[in-house]
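To start, the structure under review is shown below, and the notes come after it.
Residue numbering restarts at 1 for every chain, and letters A, B, ... go by the order of the sequence lines. For the numbers below, each heavy atom of this structure counts, side chains included, while hydrogens, waters and symmetry mates do not.
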Amino acid sequence: MIKDELRRGIIHENPILVLALGLCPSLAVSTSLQNGFGMGMAATFVLACSNVIISSMRRIIPDKVRIPCFIVVIAAFVTMVQLIMKAYLPALDKQLGIFVPLIVVNCIILGRAEAFASKNSISKSLVDGIVIGLGFTFSLCILSIIREILGSNKLLGLKFFPGYEPMTIFILAPGGFFTIAFVMAVVRYLGNRRKGA
Amino acid sequence: MIDIIKLSFMLTIISVAAALLIAFTNLKTRDRIHEQQQVAQQNALEQVVPSGMSINECNGENPPCPQQYWIAQDGTDTVFIFKIINKGYSGNITYFVGTDRNGSIEGMSILEQSETPGLGSRTQEEISDKYFWNGLFSKKETGKSWFSQQFKGINLNEQINIEKSVGEWHKLGMEEKEKLISDNAVTAITGATISTQAVVNGIQDQARSYLKAIQESNDDQG
(Lines give C-alpha, C1' and ligand atoms only; values in the text may rest on other atoms or scores of the structure.)
Protein backbone atom coordinates (compact mmCIF):
# COMPACT_ATOMS: atom_id res chain seq x y z
CA MET A 1 0.00 0.00 0.00
CA ILE A 2 2.65 2.51 1.10
CA LYS A 3 4.99 1.14 -1.55
CA ASP A 4 2.32 1.56 -4.23
CA GLU A 5 1.61 5.13 -3.13
CA LEU A 6 5.31 6.01 -3.11
CA ARG A 7 5.75 4.47 -6.55
CA ARG A 8 2.79 6.51 -7.78
CA GLY A 9 4.19 9.80 -6.45
CA ILE A 10 7.82 9.29 -7.42
CA ILE A 11 7.51 7.37 -10.71
CA HIS A 12 4.09 7.15 -12.36
CA GLU A 13 2.79 10.61 -11.41
CA ASN A 14 6.07 12.38 -10.85
CA PRO A 15 5.07 16.04 -10.98
CA ILE A 16 8.08 17.38 -12.90
CA LEU A 17 9.31 14.50 -15.01
CA VAL A 18 6.00 12.89 -15.97
CA LEU A 19 3.24 15.46 -15.50
CA ALA A 20 5.54 18.38 -16.42
CA LEU A 21 4.03 20.54 -13.67
CA GLY A 22 5.86 23.12 -11.60
CA LEU A 23 8.62 23.64 -14.17
CA CYS A 24 8.93 27.31 -13.28
CA PRO A 25 10.05 26.93 -9.65
CA SER A 26 12.08 23.88 -10.67
CA LEU A 27 14.13 25.93 -13.10
CA ALA A 28 14.66 28.60 -10.48
CA VAL A 29 15.76 26.46 -7.57
CA SER A 30 17.51 23.44 -9.04
CA THR A 31 20.80 25.32 -9.28
CA SER A 32 22.25 23.67 -6.20
CA LEU A 33 21.42 20.54 -4.27
CA GLN A 34 20.91 22.43 -1.03
CA ASN A 35 18.34 24.75 -2.63
CA GLY A 36 16.60 21.96 -4.52
CA PHE A 37 16.24 19.75 -1.49
CA GLY A 38 15.14 22.67 0.71
CA MET A 39 12.50 23.80 -1.77
CA GLY A 40 11.31 20.21 -2.18
CA MET A 41 10.86 19.71 1.55
CA ALA A 42 9.15 23.10 2.01
CA ALA A 43 6.76 22.33 -0.86
CA THR A 44 6.06 18.85 0.52
CA PHE A 45 5.12 20.33 3.88
CA VAL A 46 2.85 22.96 2.38
CA LEU A 47 1.35 20.45 -0.05
CA ALA A 48 0.46 17.96 2.68
CA CYS A 49 -1.06 20.66 4.91
CA SER A 50 -2.95 22.47 2.16
CA ASN A 51 -4.32 19.14 0.92
CA VAL A 52 -5.62 18.39 4.41
CA ILE A 53 -7.20 21.85 4.82
CA ILE A 54 -8.80 21.82 1.39
CA SER A 55 -10.04 18.28 1.79
CA SER A 56 -11.64 19.15 5.13
CA MET A 57 -13.31 22.20 3.56
CA ARG A 58 -14.40 20.45 0.37
CA ARG A 59 -18.07 20.41 1.37
CA ILE A 60 -18.18 24.11 2.33
CA ILE A 61 -16.39 25.53 -0.71
CA PRO A 62 -18.89 26.33 -3.50
CA ASP A 63 -17.96 24.58 -6.72
CA LYS A 64 -18.14 27.69 -8.89
CA VAL A 65 -15.60 29.69 -6.92
CA ARG A 66 -13.39 26.82 -5.83
CA ILE A 67 -10.18 28.04 -7.54
CA PRO A 68 -10.10 31.46 -5.80
CA CYS A 69 -10.95 29.72 -2.53
CA PHE A 70 -8.04 27.29 -2.97
CA ILE A 71 -5.65 30.12 -3.74
CA VAL A 72 -6.77 32.09 -0.67
CA VAL A 73 -6.36 29.04 1.55
CA ILE A 74 -2.93 28.15 0.15
CA ALA A 75 -1.66 31.75 0.21
CA ALA A 76 -2.84 32.27 3.79
CA PHE A 77 -1.21 29.04 4.85
CA VAL A 78 2.10 29.83 3.14
CA THR A 79 2.19 33.31 4.67
CA MET A 80 1.69 31.86 8.12
CA VAL A 81 4.43 29.28 7.58
CA GLN A 82 6.74 32.04 6.41
CA LEU A 83 6.08 34.24 9.45
CA ILE A 84 6.59 31.34 11.84
CA MET A 85 9.81 30.34 10.07
CA LYS A 86 11.14 33.91 10.25
CA ALA A 87 10.41 34.03 13.97
CA TYR A 88 11.60 30.65 15.13
CA LEU A 89 13.88 29.19 12.45
CA PRO A 90 15.86 32.16 11.08
CA ALA A 91 18.65 29.98 9.68
CA LEU A 92 16.22 27.93 7.62
CA ASP A 93 14.42 31.09 6.60
CA LYS A 94 17.67 32.51 5.27
CA GLN A 95 18.16 29.43 3.10
CA LEU A 96 14.58 29.10 1.86
CA GLY A 97 13.35 32.67 2.29
CA ILE A 98 12.99 33.45 -1.40
CA PHE A 99 11.38 30.12 -2.32
CA VAL A 100 8.56 30.11 0.17
CA PRO A 101 6.49 32.83 -1.54
CA LEU A 102 7.06 30.91 -4.79
CA ILE A 103 5.17 27.97 -3.31
CA VAL A 104 1.91 29.96 -3.47
CA VAL A 105 2.02 29.99 -7.25
CA ASN A 106 3.43 26.49 -7.56
CA CYS A 107 0.93 24.77 -9.84
CA ILE A 108 1.62 21.38 -8.29
CA ILE A 109 -0.06 22.50 -5.09
CA LEU A 110 -3.06 24.04 -6.82
CA GLY A 111 -3.16 21.02 -9.12
CA ARG A 112 -3.34 18.53 -6.28
CA ALA A 113 -5.93 20.65 -4.49
CA GLU A 114 -8.11 20.68 -7.60
CA ALA A 115 -7.50 17.16 -8.87
CA PHE A 116 -7.29 15.23 -5.62
CA ALA A 117 -7.97 16.95 -2.30
CA SER A 118 -11.29 18.46 -3.34
CA LYS A 119 -12.64 15.00 -4.16
CA ASN A 120 -11.07 12.69 -1.58
CA SER A 121 -11.06 12.09 2.16
CA ILE A 122 -8.67 13.88 4.51
CA SER A 123 -6.39 10.90 5.15
CA LYS A 124 -6.12 10.04 1.46
CA SER A 125 -5.33 13.68 0.64
CA LEU A 126 -2.61 13.78 3.30
CA VAL A 127 -0.93 10.69 1.82
CA ASP A 128 -1.29 12.13 -1.68
CA GLY A 129 0.32 15.41 -0.60
CA ILE A 130 3.26 13.60 0.97
CA VAL A 131 3.98 11.23 -1.92
CA ILE A 132 3.62 13.87 -4.63
CA GLY A 133 5.81 16.18 -2.54
CA LEU A 134 8.44 13.47 -2.26
CA GLY A 135 8.27 12.94 -6.01
CA PHE A 136 8.84 16.67 -6.47
CA THR A 137 11.76 16.64 -4.02
CA PHE A 138 13.27 13.57 -5.67
CA SER A 139 13.22 15.03 -9.18
CA LEU A 140 14.49 18.42 -7.92
CA CYS A 141 17.42 16.62 -6.27
CA ILE A 142 18.33 14.79 -9.50
CA LEU A 143 18.12 18.00 -11.54
CA SER A 144 20.09 20.04 -9.05
CA ILE A 145 22.87 17.46 -8.63
CA ILE A 146 23.44 17.49 -12.41
CA ARG A 147 23.21 21.27 -12.68
CA GLU A 148 25.38 22.02 -9.65
CA ILE A 149 28.16 19.68 -10.78
CA LEU A 150 28.17 20.77 -14.43
CA GLY A 151 27.41 24.43 -13.81
CA SER A 152 29.59 25.28 -10.83
CA ASN A 153 31.68 22.11 -10.33
CA LYS A 154 30.40 21.73 -6.82
CA LEU A 155 28.13 19.58 -4.74
CA LEU A 156 26.65 20.96 -1.52
CA GLY A 157 29.07 23.88 -1.83
CA LEU A 158 32.15 21.64 -1.97
CA LYS A 159 34.40 21.23 -5.02
CA PHE A 160 33.76 18.19 -7.16
CA PHE A 161 36.08 17.42 -10.08
CA PRO A 162 39.68 18.59 -9.86
CA GLY A 163 40.66 20.81 -12.78
CA TYR A 164 37.25 21.05 -14.43
CA GLU A 165 36.10 24.45 -15.63
CA PRO A 166 32.34 24.68 -14.93
CA MET A 167 29.86 25.58 -17.67
CA THR A 168 27.92 28.52 -16.28
CA ILE A 169 25.08 27.94 -18.74
CA PHE A 170 23.92 24.99 -16.63
CA ILE A 171 23.22 27.37 -13.73
CA LEU A 172 21.22 29.64 -16.05
CA ALA A 173 17.71 28.91 -17.29
CA PRO A 174 18.71 27.36 -20.67
CA GLY A 175 20.86 24.78 -18.87
CA GLY A 176 17.87 24.05 -16.66
CA PHE A 177 15.72 23.32 -19.70
CA PHE A 178 18.43 21.07 -21.19
CA THR A 179 18.75 19.14 -17.95
CA ILE A 180 14.99 18.71 -17.52
CA ALA A 181 14.69 17.57 -21.13
CA PHE A 182 17.46 15.00 -20.83
CA VAL A 183 16.24 13.58 -17.54
CA MET A 184 12.68 13.45 -18.88
CA ALA A 185 13.88 11.60 -21.99
CA VAL A 186 15.73 9.05 -19.89
CA VAL A 187 12.67 8.51 -17.68
CA ARG A 188 10.45 8.08 -20.77
CA TYR A 189 12.90 5.67 -22.36
CA LEU A 190 13.06 3.51 -19.25
CA GLY A 191 9.27 3.61 -18.93
CA ASN A 192 8.72 2.57 -22.54
CA ARG A 193 11.26 -0.22 -22.33
CA ARG A 194 9.52 -1.64 -19.30
CA LYS A 195 6.16 -1.51 -21.05
CA GLY A 196 7.58 -3.23 -24.13
CA ALA A 197 9.17 -6.07 -22.17
CA MET B 1 -28.73 36.95 -8.89
CA ILE B 2 -29.24 35.10 -5.63
CA ASP B 3 -26.48 32.76 -6.75
CA ILE B 4 -23.97 35.59 -7.20
CA ILE B 5 -24.73 36.97 -3.75
CA LYS B 6 -24.36 33.55 -2.22
CA LEU B 7 -21.04 32.91 -3.93
CA SER B 8 -19.64 36.33 -3.03
CA PHE B 9 -20.75 35.81 0.54
CA MET B 10 -18.90 32.49 0.82
CA LEU B 11 -15.80 33.92 -0.83
CA THR B 12 -15.89 36.90 1.55
CA ILE B 13 -16.20 34.65 4.58
CA ILE B 14 -13.25 32.49 3.51
CA SER B 15 -11.11 35.55 2.73
CA VAL B 16 -11.95 37.23 6.03
CA ALA B 17 -11.17 34.05 7.94
CA ALA B 18 -7.83 33.74 6.13
CA ALA B 19 -7.03 37.42 6.79
CA LEU B 20 -7.85 37.03 10.49
CA LEU B 21 -5.61 33.99 10.77
CA ILE B 22 -2.72 35.83 9.11
CA ALA B 23 -3.26 38.90 11.29
CA PHE B 24 -3.21 36.72 14.39
CA THR B 25 0.01 34.96 13.32
CA ASN B 26 1.58 38.31 12.51
CA LEU B 27 0.66 39.66 15.94
CA LYS B 28 2.14 36.64 17.67
CA THR B 29 5.39 36.54 15.69
CA ARG B 30 6.08 40.25 15.16
CA ASP B 31 8.26 40.87 18.23
CA ARG B 32 10.15 37.68 17.76
CA ILE B 33 10.88 38.47 14.09
CA HIS B 34 12.09 41.93 15.07
CA GLU B 35 14.44 40.34 17.62
CA GLN B 36 15.83 37.93 15.02
CA GLN B 37 16.45 40.79 12.63
CA GLN B 38 18.36 42.65 15.33
CA VAL B 39 20.56 39.60 15.90
CA ALA B 40 21.23 39.23 12.16
CA GLN B 41 22.07 42.93 11.94
CA GLN B 42 24.47 42.74 14.87
CA ASN B 43 26.26 39.76 13.31
CA ALA B 44 26.57 41.56 10.00
CA LEU B 45 27.90 44.68 11.74
CA GLU B 46 30.55 42.69 13.57
CA GLN B 47 31.80 41.24 10.30
CA VAL B 48 32.49 44.71 8.95
CA VAL B 49 35.05 45.79 11.54
CA PRO B 50 38.18 44.06 12.89
CA SER B 51 37.15 41.84 15.79
CA GLY B 52 37.22 43.35 19.24
CA MET B 53 36.08 46.83 18.28
CA SER B 54 33.04 48.09 20.12
CA ILE B 55 30.26 49.36 17.89
CA ASN B 56 28.02 52.26 18.87
CA GLU B 57 24.91 53.40 17.13
CA CYS B 58 24.66 57.07 16.15
CA ASN B 59 21.93 59.19 14.69
CA GLY B 60 22.59 61.77 12.04
CA GLU B 61 20.71 65.00 12.64
CA ASN B 62 19.72 66.18 9.22
CA PRO B 63 20.18 64.98 5.68
CA PRO B 64 22.52 64.36 3.90
CA CYS B 65 23.71 62.64 7.09
CA PRO B 66 22.22 59.16 7.33
CA GLN B 67 19.55 58.82 10.01
CA GLN B 68 21.29 55.84 11.48
CA TYR B 69 24.95 54.90 11.33
CA TRP B 70 27.48 53.21 13.53
CA ILE B 71 30.91 54.15 14.82
CA ALA B 72 33.44 51.56 15.92
CA GLN B 73 36.44 52.73 17.88
CA ASP B 74 39.69 51.11 18.96
CA GLY B 75 42.23 53.56 20.33
CA THR B 76 42.73 56.17 17.65
CA ASP B 77 41.20 54.10 14.85
CA THR B 78 37.66 55.00 13.94
CA VAL B 79 35.47 53.07 11.55
CA PHE B 80 32.23 54.53 10.26
CA ILE B 81 29.62 51.96 9.28
CA PHE B 82 26.77 52.76 6.93
CA LYS B 83 23.77 50.70 6.06
CA ILE B 84 23.23 50.76 2.32
CA ILE B 85 20.15 49.69 0.42
CA ASN B 86 20.40 49.53 -3.33
CA LYS B 87 18.31 47.88 -6.01
CA GLY B 88 19.88 44.72 -7.34
CA TYR B 89 18.76 42.41 -10.12
CA SER B 90 15.65 41.37 -8.21
CA GLY B 91 14.68 43.35 -5.15
CA ASN B 92 16.91 45.29 -2.81
CA ILE B 93 20.34 44.35 -1.58
CA THR B 94 20.95 45.55 1.98
CA TYR B 95 24.49 45.65 3.25
CA PHE B 96 26.91 47.35 5.64
CA VAL B 97 30.06 49.15 4.64
CA GLY B 98 32.70 50.12 7.17
CA THR B 99 35.20 52.82 6.23
CA ASP B 100 37.88 54.85 7.92
CA ARG B 101 38.10 58.67 7.77
CA ASN B 102 39.92 58.63 4.45
CA GLY B 103 37.37 56.45 2.72
CA SER B 104 39.41 53.27 2.77
CA ILE B 105 36.95 50.39 3.16
CA GLU B 106 37.49 48.32 6.28
CA GLY B 107 34.90 45.69 5.50
CA MET B 108 31.61 44.93 3.80
CA SER B 109 28.91 42.43 4.63
CA ILE B 110 25.63 41.60 2.98
CA LEU B 111 22.65 41.55 5.32
CA GLU B 112 19.84 40.71 2.94
CA GLN B 113 19.47 40.01 -0.76
CA SER B 114 17.04 38.19 -2.98
CA GLU B 115 19.19 37.79 -6.08
CA THR B 116 19.00 34.82 -8.46
CA PRO B 117 20.06 31.62 -6.66
CA GLY B 118 23.38 30.37 -8.04
CA LEU B 119 24.24 33.73 -9.63
CA GLY B 120 23.63 36.98 -7.78
CA SER B 121 23.07 35.17 -4.51
CA ARG B 122 26.76 34.31 -4.63
CA THR B 123 27.43 37.72 -3.11
CA GLN B 124 27.06 35.75 0.12
CA GLU B 125 28.92 32.65 -1.03
CA GLU B 126 31.64 31.22 1.16
CA ILE B 127 34.23 29.24 -0.76
CA SER B 128 35.55 26.01 0.58
CA ASP B 129 38.59 24.52 -1.12
CA LYS B 130 37.77 21.04 0.11
CA TYR B 131 36.59 18.40 -2.31
CA PHE B 132 33.17 16.81 -1.99
CA TRP B 133 34.32 13.33 -1.01
CA ASN B 134 36.52 14.36 1.90
CA GLY B 135 34.90 17.61 2.95
CA LEU B 136 31.28 16.56 3.30
CA PHE B 137 31.35 15.62 6.96
CA SER B 138 33.99 18.04 8.16
CA LYS B 139 32.97 21.24 9.83
CA LYS B 140 31.99 24.10 7.58
CA GLU B 141 33.90 27.35 7.84
CA THR B 142 31.73 30.33 8.62
CA GLY B 143 34.02 33.08 7.46
CA LYS B 144 33.13 36.01 5.32
CA SER B 145 32.07 35.64 1.71
CA TRP B 146 34.83 36.10 -0.87
CA PHE B 147 32.81 38.79 -2.58
CA SER B 148 32.77 41.02 0.48
CA GLN B 149 36.38 40.26 1.41
CA GLN B 150 37.68 41.80 -1.78
CA PHE B 151 36.34 45.23 -0.76
CA LYS B 152 38.86 45.59 2.08
CA GLY B 153 41.37 48.27 1.20
CA ILE B 154 39.33 49.72 -1.65
CA ASN B 155 38.91 53.49 -1.48
CA LEU B 156 35.34 54.67 -1.87
CA ASN B 157 36.26 58.28 -2.55
CA GLU B 158 37.79 57.23 -5.85
CA GLN B 159 36.14 55.49 -8.77
CA ILE B 160 35.71 51.80 -7.94
CA ASN B 161 36.34 49.70 -11.03
CA ILE B 162 34.77 46.36 -11.80
CA GLU B 163 37.23 43.90 -13.29
CA LYS B 164 35.61 41.25 -15.46
CA SER B 165 38.55 39.80 -17.32
CA VAL B 166 40.67 38.21 -14.59
CA GLY B 167 38.08 35.81 -13.15
CA GLU B 168 36.70 35.77 -9.64
CA TRP B 169 38.66 37.05 -6.66
CA HIS B 170 38.86 33.75 -4.81
CA LYS B 171 40.73 32.12 -7.70
CA LEU B 172 43.43 34.78 -7.85
CA GLY B 173 46.90 34.72 -6.32
CA MET B 174 48.33 37.21 -3.83
CA GLU B 175 49.97 39.39 -6.49
CA GLU B 176 46.81 39.70 -8.54
CA LYS B 177 44.79 40.58 -5.45
CA GLU B 178 47.28 43.33 -4.61
CA LYS B 179 47.11 44.62 -8.14
CA LEU B 180 43.32 44.84 -7.88
CA ILE B 181 43.60 46.94 -4.73
CA SER B 182 46.13 49.27 -6.33
CA ASP B 183 43.74 49.61 -9.29
CA ASN B 184 40.90 50.25 -6.82
CA ALA B 185 39.01 47.39 -8.48
CA VAL B 186 36.84 44.47 -7.45
CA THR B 187 36.09 41.38 -9.51
CA ALA B 188 32.58 40.72 -10.81
CA ILE B 189 30.64 37.57 -10.02
CA THR B 190 30.46 35.49 -13.20
CA GLY B 191 26.98 35.85 -14.68
CA ALA B 192 25.90 38.44 -12.12
CA THR B 193 27.37 41.73 -13.29
CA ILE B 194 24.19 43.61 -12.36
CA SER B 195 24.36 42.46 -8.74
CA THR B 196 28.05 43.36 -8.57
CA GLN B 197 27.36 46.73 -10.11
CA ALA B 198 24.50 47.37 -7.66
CA VAL B 199 26.74 46.79 -4.64
CA VAL B 200 29.52 48.98 -6.05
CA ASN B 201 27.13 51.75 -7.08
CA GLY B 202 25.51 51.78 -3.65
CA ILE B 203 28.89 52.28 -2.04
CA GLN B 204 29.87 55.03 -4.47
CA ASP B 205 26.60 56.93 -4.39
CA GLN B 206 25.47 56.51 -0.80
CA ALA B 207 28.47 55.70 1.41
CA ARG B 208 30.61 58.38 -0.20
CA SER B 209 28.12 61.17 0.45
CA TYR B 210 27.35 59.88 3.96
CA LEU B 211 31.02 59.94 4.87
CA LYS B 212 31.42 63.43 3.48
CA ALA B 213 28.34 64.71 5.31
CA ILE B 214 29.43 63.27 8.64
CA GLN B 215 32.91 64.70 8.34
CA GLU B 216 31.52 68.12 7.49
CA SER B 217 29.16 68.10 10.45
CA ASN B 218 32.04 67.01 12.70
CA ASP B 219 34.19 69.83 11.36
CA ASP B 220 31.46 72.33 12.15
CA GLN B 221 31.30 71.17 15.72
CA GLY B 222 35.07 70.91 16.16
Side-chain angles (χ1 to χ4, degrees), chain A residues 28-32 34-36 39 57 60-65 68-77 79-91 93-94 97-99 101 144 147-149 151-162 166 168-173 175-176, chain B residues 3-4 6-11 13-37 39-40 90-91 111-119 121-122 124-138 140-141 167 189-192:
Chain A
V29 303
S30 61
T31 50
S32 73
Q34 197 181 8
N35 286 348
M39 173 70 172
M57 286 170 66
I60 322 170
I61 294 175
D63 205 36
K64 280 183 186 160
V65 288
C69 289
F70 294 163
I71 293 179
V72 169
V73 169
I74 295 167
F77 186 72
T79 313
M80 277 154 59
V81 168
Q82 197 180 9
L83 286 174
I84 292 168
M85 233 165 68
K86 264 197 197 334
Y88 296 99
L89 300 162
D93 177 66
K94 212 178 168 188
I98 41 173
F99 307 132
S144 43
R147 287 181 71 187
E148 191 176 2
I149 291 177
S152 50
N153 191 18
K154 280 187 202 157
L155 198 56
L156 290 170
L158 297 161
K159 280 202 229 169
F160 204 75
F161 294 119
T168 311
I169 192 166
F170 273 94
I171 290 292
L172 301 167
Chain B
D3 203 31
I4 289 179
K6 221 167 107 184
L7 289 179
S8 329
F9 182 70
M10 272 317 289
L11 205 51
I13 292 206
I14 289 176
S15 306
V16 168
L20 284 177
L21 274 174
I22 293 175
F24 179 73
T25 321
N26 183 36
L27 206 66
K28 286 281 160 200
T29 53
R30 198 171 45 192
D31 296 341
R32 181 87 201 197
I33 290 175
H34 186 72
E35 244 169 65
Q36 300 284 11
Q37 281 169 342
V39 171
S90 60
L111 179 62
E112 259 174 37
Q113 49 87 12
S114 51
E115 303 293 285
T116 321
L119 294 169
S121 71
R122 293 183 53 221
Q124 289 184 303
E125 179 189 55
E126 287 164 29
I127 294 283
S128 166
D129 25 304
K130 293 200 181 84
Y131 281 103
F132 179 69
W133 40 86
N134 49 25
L136 185 57
F137 299 108
S138 58
K140 275 203 172 167
E141 302 112 279
I189 297 171
T190 308

**Prompt:** In terms of heavy-atom pairs under 4.5 Å, which option from A:L172, A:I84, A:L83 contacts chain B the most?
**Reply:** A:L83
**Asked** Looking at A:S32, A:P68, A:A76, which makes the most heavy-atom pairs under 4.5 Å with chain B?
**Response** A:A76
**Prompt:** Checking B:Q124 against chain A: side chain, backbone, both or neither under 4.5 Å from a heavy atom?
**Reply:**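 Interface part for B:Q124: side chain.
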**Request:** Measure the CD1-NZ distance between B:I4 and A:K64 for me, rounded to the nearest 0.5 Å.
**Result:**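 These two atoms lie 8.5 Å from each other.
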**Distance in Å, A:F77 CZ paired with B:T25 OG1, rounded so as to fall on 0.5 Å steps** = 10.5 Å
**Request:** Verify side chain to side chain contact (heavy atoms under 4.5 Å, CB included) between A:M80 and B:L21, making sure each step is shown before the conclusion.
**Result:** CA-CA 8 Å; A:M80 277 154 59; B:L21 274 174; 3.9 Å; yes
**Prompt:** What are the two closest heavy atoms between A:K86 and B:Q36, and how far apart are they?
**Reply:** O-CG, 3.8 Å
**Prompt:** Based on non-hydrogen pairs under 4.5 Å, which of B:V39, B:D31, B:I13, B:L11 is most in contact with chain A?
**Reply:**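 Sorted descending by pairs with chain A, the first entry is B:L11.
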